[in-house]
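Read the structure below first, then the notes.
The chains referred to below are lettered A, B, ... by the order of the sequence lines, with proteins before strands, and numbering in each begins at 1. Values below: all heavy atoms of this structure, side chains included; hydrogens, waters and symmetry mates excluded.
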Number of protein chains: 2
Amino acid sequence: MDELDSAIVRELQQDARQTNRSLAQKLGVAPSTCLERVRLLHRRGVVRGYHADIDPAALNRPVEAFVSVQLRPPSRQVIEGFKAAMFALPEVLAVYVVAGEQDFLVHVSVPSLDTLHSFLIDRLTQRREVTSFRSQIIYDSARKHVVAPLD
Amino acid sequence: MDELDSAIVRELQQDARQTNRSLAQKLGVAPSTCLERVRLLHRRGVVRGYHADIDPAALNRPVEAFVSVQLRPPSRQVIEGFKAAMFALPEVLAVYVVAGEQDFLVHVSVPSLDTLHSFLIDRLTQRREVTSFRSQIIYDSARKHVVAPLD
DNA sequence: CGTGAAAAATACTCGCT
DNA sequence: AGCGAGTATTTTTCACG
């Protein structure tokens with residue numbers, strides 16, 4: 001990860017569809033050089049993929065929330081099982097196994113508050129390993145698409 | 001958003017760099033048709049951008065956490081100010097204004113637990129509007145890159 | 001390891017249905 | 001709106017420095 005790699009990573013985070021040519025021009029190297037670097041970044045697992053960012057409203061998912069969940073017992077089996085079950089649900093965007101009062105954080109996006117309520121009742125309350133949960137509706141959010149190396 | 005649009009959106013979420021040609025082939029339409037659809041999806045704001053997914057470890061950010069923050073007073077001014085301040089920090093990946101006991105959720109990624117501690121002390125404790133906060137280290141996580149329409 | 005030029009593939013335009 | 005042939009760019013390869 002030298003300076004050129006970092007610059008490539010930054011640019012591809014900003015716009016994954018820019019041509020290799022314009023990328024090379026911006027960074028002041030030959031297109032073939034740039035292409036080789038990008039390939040190495042793939043092989044090394046630095047670049048994990050390229051994904052379109054879609055407006056949730058267009059997918060009929062205007063309502064988002066975080067649901068914190070406490071599990072019993074918080075064993076590996078229970079945690080892994082719950083994680084897999086949640087991830088399989090279409091409403092779920094992401095799952096996080098966390099340390100703290102709660103064991104789990106589930107990021108969901110749904111068509112309405114009604115759908116959220118149904119999700120909580122049908123998908124969480126049902127499960128015996130869920131001892132408690134708390135949901136936080138997201139009023140507003142902002143996410144970075146370009147993340148710089150630290151240190 | 002007919003069936004073709006949905007298919008395009010799904011495919012571009014899965015791999016944003018696939019050529020228009022292969023995309024058209026998969027969906028059984030002419031490349032020019034496909035290109036026109038993609039452009040319309042842009043214009044309508046359905047596709048907001050294309051971003052490379054980078055391994056956080058490669059950016060020297062192996063430690064992630066959610067920090068829940070309570071603000072006083074939870075006025076628009078205070079919330080917006082805090083949001084902007086947090087978003088400007090390099091450690092911050094995303095910010096969420098939420099409803100519930102806490103007012104804010106900050107997603108951070110840092111080089112180490114030490115860095116996280118410094119972040120909490122120097123960037124949160126310092127601020128007068130922060131009345132309390134709680135941090136949850138992320139042990140494990142999974143995020144979907146392809147999100148389907150609901151209903 | 002980076003480069004430049006040739007070859008192959010792709011994007012993009014546009015007149016037509 | 002969707003299509004396909006033609007043109008313009010781009011990607012990709014490869015022999016050389």
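Proximity of Gln136(A) to Val67(A): side-chain heavy atoms (C-beta onward) are nowhere separated by under 4.5 Å.
Of the possible polar contacts, none joining the Arg72(B) side chain to the Ser132(B) backbone as a donor-acceptor pair under 3.5 Å is found.
Atom CG of Leu4(A) is separated from atom P of dG2(C) by 7 Å (rounded to the nearest Å). One can place CD of Glu36(B) at 12 Å from P of dC3(D), the figure rounded to the nearest angstrom.
A search for side chain to side chain contact (heavy atoms under 4.5 Å, CB included) contacts involving Asp114(B) returns Ser112(B), not counting sequence neighbours. Shown here are the side chain to side chain contact (heavy atoms under 4.5 Å, CB included) partners of Leu41(A), two or more places apart in sequence or in another chain: Met1(A), Asp5(A), Ile8(A), Val9(A), Arg44(A), Val46(A), Val47(A).
Applying the salt bridge (Lys or Arg N to Asp or Glu O under 4.0 Å) test to pairs two or more places apart or on separate chains, those with a residue in residues 16-36 of chain A are Glu11(A)-Lys26(A).
With rounding to the nearest 0.5 Å, the separation of CG in Asn20(A) from CZ in Arg39(A) is 9.0 Å.
Heavy atoms from other residues, nucleotides or ligands lying under 6.0 Å from NE2 of His117(B) number 12 at most.
Within the structure, a side-chain polar atom (N or O) of Arg37(A) is placed less than 4.0 Å from OP1 or OP2 of dG2(C).
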Using a cut-off of under 3.5 Å, enumerate the N/O to N/O pairs linking the protein to nucleotides 9-13 of chain C.
{"unit_1": "dT10(C)", "atom_1": "OP2", "unit_2": "Arg21(B)", "atom_2": "NH1", "d": "3.4"}
{"unit_1": "dA11(C)", "atom_1": "OP1", "unit_2": "Asn20(B)", "atom_2": "N", "d": "2.5"}
{"unit_1": "dA11(C)", "atom_1": "OP2", "unit_2": "Asn20(B)", "atom_2": "N", "d": "3.4"}
{"unit_1": "dA11(C)", "atom_1": "OP2", "unit_2": "Arg21(B)", "atom_2": "N", "d": "2.9"}
{"unit_1": "dT13(C)", "atom_1": "OP2", "unit_2": "Arg39(B)", "atom_2": "NH1", "d": "3.2"}
{"unit_1": "dT13(C)", "atom_1": "OP2", "unit_2": "Arg39(B)", "atom_2": "NH2", "d": "2.8"}

Which dot-bracket notation, 5' to 3', represents the base pairing of DNA chain C when pairs are defined as Watson-Crick or G-U with both distances under 3.5 Å, crossing pairs as [ ], and inter-strand pairs as |?
.||||||||||||||||
Which atom pairs, donor and acceptor, lie under 3.5 Å between side-chain atoms of residues 88-105 of chain A and protein residues at least two apart or in another chain?
{"unit_1": "Asp103(A)", "atom_1": "OD2", "unit_2": "Leu71(A)", "atom_2": "N", "d": "2.9"}

